[in-house]
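Working notes, structure below.
Since this is a predicted model, take the numbers as computed values, not measurements. So you know, we letter chains A, B, ... as the sequences are listed, proteins then strands, and number each from 1.
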Protein chains: 2
Amino acid sequence: MKRIADSTVRRLSMYLRYLEDLDTRGQQTASSDELAHLCGTTPAQVRKDLSFFGSFGKRGLGYPVHELTAHLREILGLQREWKVLIIGAGKIGAALANYRGFRQRGFTVAGVYDNDPNKVGQPWGEAIVRPMDALEADLNRDDAPIAVLAIPAEGAQAVVDRLVKAGVRAILNFAPTQITVPPHVNLKSVNMAMELEGLSFALTNPGYLDEGAA
Amino acid sequence: MKRIADSTVRRLSMYLRYLEDLDTRGQQTASSDELAHLCGTTPAQVRKDLSFFGSFGKRGLGYPVHELTAHLREILGLQREWKVLIIGAGKIGAALANYRGFRQRGFTVAGVYDNDPNKVGQPWGEAIVRPMDALEADLNRDDAPIAVLAIPAEGAQAVVDRLVKAGVRAILNFAPTQITVPPHVNLKSVNMAMELEGLSFALTNPGYLDEGAA
DNA sequence: CCCTGCTTGTGAACAATTTCACAAGCTCTA
DNA sequence: TAGAGCTTGTGAAATTGTTCACAAGCAGGG
């Protein structure tokens with residue numbers, strides 16, 4: 001009954017990726033030190049992260065790779081299939097649907113939606129683009145819990161409101177705008193422009209210094 | 001001469017986006033309260049973030065929108081043009097190159113690189129896909145300081161090493177793998193699988209609770 | 001000029017996260 | 001069974017980031 005930090009969850013996800021690697025290579029155990037090196041963090045961090053969820057390791061030996069992999073999958077909720085709705089049949093949506101490791105991790109595209117009449121009805125990967133208007137009806141008979149928002153900023157909030165009303169409880173937002181959702185809905189935003197600007201800042205202000213008050 | 005948190009820089013980027021909006025709408029001033037509401041943060045946070053770089057507001061009035069916009073552009077290093085190299089002529093690269101607000105913010109695609117012989121030489125947006133082998137030579141005569149890595153995880157580190165050796169000092173990584181760079185190189189990673197898994201975790205463990213030690 | 005109503009800028013309090021340091025515990029060997 | 005050599009698990013300390021609370025300061029009105 002403890003609040004888990006977002007950063008911790010992200011690291012768990014990374015541990016899982018590398019543990020899967022080690023597992024397929026047949027490695028039996030891995031120490032926190034080894035995991036830390038692979039994932040670019042510290043051994044203490046690895047141990048602390050895992051300790052929130054139980055005692056998976058053996059002192060003197062390390063963590064059993066195969067077992068820990070299973071535990072992490074369960075913790076992250078990856079033992080079931082998650083249906084994903086892609087909103088916006090553009091390049092970002094295509095990149096996501098194309099993404100290896102998307103399916104491998106149990107995420108399957110349940111539908112693609114767009115407003116553009118030229119796109120509606122077209123095949124798109126293994127799905128067919130459906131009109132945005134069909135959203136609510138489709139959701140009722142086949143409710144996909146995770147929606148990926150890959151549309152322009154304008155109107156993004158309106159679409160989110162519709163999704164939430166229709167019962168979606170998790171949204172991954174790629175639209176470069178601030179989205180608000182009720183507290184029971186989980187929202188993550190990825191903003192490419194913001195990341196690039198972060199790099200621009202770092203290059204402009206070497207060492208993250210504050211040089212200039214105007 | 002103060003270390004600026006990553007989270008602060010991200011928020012600055014967001015403030016800028018909304019200030020630009022307000023500016024084009026002709027709004028003269030904005031209070032920390034208004035900015036906070038737009039950006040989904042708190043007034044105190046807004047003031048603290050800005051205070052790291054100077055005193056831009058007027059007590060009783062708020063912040064002058066147009067002026068603050070200019071200040072933020074300067075702080076973030078957006079008053080110059082940044083050349084961007086896209087490594088990997090796939091869907092993710094296409095989504096990025098297509099991205100509105102990419103150019104608006106002063107980022108221009110200086111080149112696209114791929115290993116696939118079927119892609120090399122093909123037109124791609126306004127550029128022509130170049131072979132990866134040409135990287136070093138091209139960089140010398142037209143060095144792009146920011147590289148976007150939109151290739152699979154395998155071989156990503158090798159490409160990064162080449163980029164670093166060739167003088168690139170900022171990398172935005174979309175490959176789902178841990179990348180290491182020397183300290184003078186800035187690296188940001190965006191990992192879509194990780195974000196989705198974060199949602200999966202949140203849906204599986206409502207309220208971020210730790211229910212089950214095995 | 002003085003008072004009222006706002007809003008900034010900021011040290012200090014608070015909260016969250018990471019790192020440290022070490023006792024506890026496992027395996028192997030003799 | 002005892003001892004050596006590792007590595008985990010975890011309170012406590014340190015660090016980092018956010019929120020609070022309020023003095024300082026500007027604008028407008030009488």
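Candidate nucleotides C:dT19, C:dT17, C:dG11 were compared by shortest atom distance to the side chain of A:K48, and C:dT19 ranks first.
A:Q28 CD to A:D23 CG: the interatomic distance, rounded to the nearest 0.5 Å, is 8.5 Å. We find the CG-CD1 distance between A:L135 and A:I87 to be 4.5 Å, quoted to the nearest 0.5 Å. The CG atom of A:D49 lies 10.5 Å from the CD1 atom of A:I75; values are rounded to the nearest 0.5 Å.
Atom-to-atom, CZ of A:R59 to P of C:dC28 comes out at 18 Å; the value is rounded to the nearest Å. Nucleotide C:dT17 holds its P atom 13 Å from the CG atom of A:L12, rounded to whole Å. For the pair A:D33 CG and C:dT19 C1', the computed distance is 15 Å after rounding to whole Å. In this structure, B:Q28 places its CD atom 17 Å from P of C:dT7, rounding to the nearest Å. Atom CZ in A:F56 sits about 18 Å away from atom P in C:dG25, given to the nearest Å. Spacing between atom CG of B:L50 and atom P of C:dT7 amounts to 16 Å, rounded to whole angstrom units. The distance between atom CG of A:D49 and atom P of C:dT19, rounded to the nearest whole Å, is 10 Å.
Checking the phosphate oxygens (OP1, OP2) of C:dT7, no side-chain nitrogen or oxygen of B:S31 falls inside 4.0 Å. For the OP1/OP2 pair of C:dT17 and a distance below 4.0 Å, the side-chain nitrogens and oxygens of A:Q45 include no atom meeting the criterion.
Take the nearest nucleotide of DNA chain C for A:G60 and for A:S7: the residue whose nucleotide is more 5' is A:S7.
Using cut-offs of 30° and 60° on the angle between ring planes, the pair B:F53 and A:F201 is perpendicular.
Taking 4.0 Å as the cutoff to heavy atoms of chain A, we find the contact window on DNA chain D bounded by D:dC6 to D:dA12.
Looking at A:R73, A:R105, A:K188 one by one, the single match for salt bridge (Lys or Arg N to Asp or Glu O under 4.0 Å) with B:E197 turns out to be A:R105.
Contact of the A:L203 side chain with the B:W82 side chain is registered, since non-hydrogen atoms from C-beta on lie closer than 4.5 Å.
Residues A:Q157 and A:T177 have side chains that never bring a donor and an acceptor to within less than 3.5 angstrom of each other.
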